[in-house]
Structure formats: structure tokens, C-alpha cells
Amino acid sequence: MSEAWQQRLADARAHRQQTERWRTRQVAKNNTLDFAGNDYLGLTLDPRVCEAQAEGARQFGAGAGASHLVSGHLEIHDALEEALARWTGRERALLFSTGYMANLGVLQALADRHTAIFQDRLNHASLIDGAALSGARSRRFHHRDAIDLNSLLARSECAHKLVVSDGVFSMDGDIADIATLVEVSQQHSAWLMIDDAHGVGVLGDNASGCVGNTWSSKDVPILVGTLGKALGTAGAFVAGDTELIDHLIQFSRSYVYTTAQPPAISAATLKALEIVQGEPERRAQLNANIAYFRREALHLGLALSDSATPIQPLILGDETRTLGWALHLQQKGIQVGAIRPPTVPKGESRLRVTLSARHQHDDIDQLLAALHHCQHQEALCSPCA
Ligand SMILES: Cc1ncc(COP(=O)(O)O)c(C=O)c1O
């Protein structure tokens, strides 16, 4: 490596390490209690989903072999798109390989320098990156602040305005006020895009998310959902009217220039979707777990954020404190996300606790006991012992 490059990488590393923001990967162990993932309904290990994936591979092959527009668009992809469209009450749906690619692909295909994009400040990184890639004029409005959004929209002279928000905010767990976003967007003739990555499978009528069957494509023309969270598999979809989907098939570069999702994943997702719709008791169990965790955590005096979803952040402030708590939990065999800047604003580092239908009360009790220990120990030493 040239000296200049070596220096550049060393500087970046030193800066991250000094600020306790250096990320490391842990190889997940089977016996770890996972309160960090997004498998909200416990479907990743469901034998029926795993078997559907195995059968999908046997029937369609291990990979799609080409992009959708060449020869990689298989019958199973088509069947999944139709099922996702029906589920979310849209005319059509389009499969992407990941949620990150879906968001890049939608924004790049729809927006250009003659477009103004208005995003909630806490939107997911893929939406921020998609807006940058599109070359559009980008504005961020204060989190869930319709007055701020309204005034930004009122000042814009762009003919094409696009309002973009997470449905469930991925690091905070709170839910966008869809009714207000619809109203404000329509007042300014703006299109509305909701990324409901953490809402589909968990919220709303028939678990179709915080937009799904509740809001039509007239209100929310662009709906994104991901399949690697509550659905337990991988990939994402965009749902909307035929004109939108046809446009994305033509112009969305992260759709066109990539190999189609392995068909076995689509087969597994179809099975997962059937389970999500047919077994509402999973959601009931998830909601009971959320309620139990919140009740007990608040009882212990833990300062939980105001979230009704499986994402339950415990904001601890600085990076060192957050890492200390996460390390203690890890030593107890419990995995929780230690989320630090730049993922969240400076001073708002947090433990991102996520609940799943697969957790037992005993699992949650172990988590609570470990959090309680940190609470008590940190007065004596930091990071906690
Ligand atoms: C709100 C939101 N959108 C998009 C994504 C990206 O989805 P994927 O993991 O499928 O790339 C995520 C997850 O990381 C997310 O939280």
C-alpha cells in the first residue's frame, strides 16, 4: 500500500478509536441470548421457512444466475411480488436484493437535480445515501416535526417534491405520524415515500405495516418494506402503482444491474409471509414481550425511550458508558446493540434492545438483571464490572 493510503487509513482508524467508535464484529454464538437482531417474529429458524428455502434451492437452483431483466426473473420471484402486492394493498411490488439497494434504487430512479427531497432527520442511512446519489436538492426536517416539514415545503419552488420518512425509526423505535405526513405532502403536491422496514410483519392491519392496508397508494405512493427483519429472510420490496413499478424496472440501477435474489430466498419468504398472515399469535406474543420488558424496566428505573415497537432503546449518552454496559451484557451471554455516532447523534449513544416473539420471560428477566447490575455498578466503576 502506498504511504499516502497507509496514512489515510491509519488516520481514520485513530480517529474512530480515540472516540470509542471503532466497530468490531462478534461471531454470533448459538447459546447467546440475542436482544440485538431484528428477527421480531422468530422466523429465521422456523423449520417451515428453512425447509421452504431448501426446497426452493432444489427446485430453482442455488442462485438466479442473472439479473431480472436478462434471464434471472423466475416464477418464484413473480409469485412473491404478487403476494407482497396483495399483502400491502398495492397494484404491484418489485423485489430488491436488500433494503439498502431498494432505497438507493428508488431515490436514484425518481429524483434528480430538479427534485427536492425532504427527509426526517432520523431517517435510515440508505435513504440519506439514496438522496445524495440522486443529485437532488436535499433538506432534513426535525424529527416527526410537521411544522418544520411544512415550512421547508412552502419555501421550495421545485416542481417535483418528495417527502421521505422511516415508518418505524430504526434506532429509536418510534413510529412516523403517517396521517400528518400524508396531509402535509398533499397540501404541497409532494409525493410521499415511507420505508417501513421495521413495521412490516409487526404493525397494522394483517401485519402489513404502519402503511400497508391502512393507507392507499394515493396517500403513500411509494412503500418500501424489507424481508430480512420480521419476515426472517433477506431482501426488500417496493410496492405501489403499476406506473411506479414500471418506472423502477426501467431506471432503478440497483434493480437493473445486479443478479436477482436467489430463488430459494423468495421461496422461504413466501412461506414466512404465509406464517405472518396465518399466525397472529406470534404478534400477540411479541407485543406481550414488549409490554413485559417495558413494565419491568421502568420499574427498575431504566430510562427507556417512548417506543411501542420491538425496538426499545436505552439512551446512555456517551460511547464509553454504552460500551461498558454492552460489554457487561456480553459477559453474561446477552447480545445487545451498542449504537454510537455516526449512526446516532453525538451524546445519544444507546443500547438498542430488540424484542422478539421467540423470547421467553426468563430470557427477558436475564436481560433485566444484567441491566440492573450495570445501573448499580457504574457509580463505583466505569466501564461497569
Ligand atoms: C429503516 C431501514 N431501512 C432500510 C434498511 C436496510 O435494509 P437491509 O438490511 O435489507 O439492507 C434498514 C436496516 O438495516 C432499516 O433499518
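First listed ligand is number 1; within each ligand, the first listed atom is number 1.
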Which ligand 1 atoms are under 4.0 Å away from a heavy-atom of [X]?
{"X": "S126", "value": "4 (C)"}
{"X": "G99", "value": "6 (C), 7 (O), 8 (P), 10 (O), 11 (O)"}
{"X": "S170", "value": "16 (O)"}
{"X": "D195", "value": "1 (C), 2 (C), 3 (N), 4 (C)"}
{"X": "Y100", "value": "6 (C), 7 (O), 8 (P), 11 (O)"}
{"X": "A197", "value": "1 (C), 2 (C), 3 (N), 15 (C)"}
{"X": "N103", "value": "3 (N), 4 (C)"}
{"X": "H198", "value": "1 (C), 15 (C), 16 (O)"}

Side-chain donor-acceptor pair under 3.5 Å between [X] and [Y], yes or no?
{"X": "D120", "Y": "S165", "answer": "no"}
{"X": "D246", "Y": "Q250", "answer": "no"}
{"X": "Q375", "Y": "H372", "answer": "yes"}
{"X": "R23", "Y": "T343", "answer": "yes"}
{"X": "T309", "Y": "S307", "answer": "yes"}

K229 contact mode with ligand 1 (heavy-atom cut-off under 4.0 Å): side chain
Min side-chain heavy-atom separation L227-L95 under 4.5 Å: yes
If we only count N/O pairs under 3.5 Å, is [X] in contact with ligand 1?
{"X": "D166", "answer": "no"}
{"X": "T226", "answer": "no"}
{"X": "V168", "answer": "no"}

A236 near ligand 1 by a heavy-atom separation under 4.0 Å: no
Verdict with reasoning, F169 to H143, per ring pair (Phe, Tyr, Trp, His ring centres under 6.0 Å): CA-CA 10 Å; F169 289 88; H143 182 47; 4.5 Å; yes
Atom pair OG (S305) and CZ (R350), whose distance is rounded to the nearest 0.5 Å: 6.5 Å
Atom 12 (C) of ligand 1 - nearest protein heavy atom and its distance: H124 NE2, 3.3 Å
Test log, rule side chain to side chain donor-acceptor pair (under 3.5 Å), inputs Y40 and N289: CA-CA 11 Å; Y40 304 127; N289 285 348; over 6 Å; no
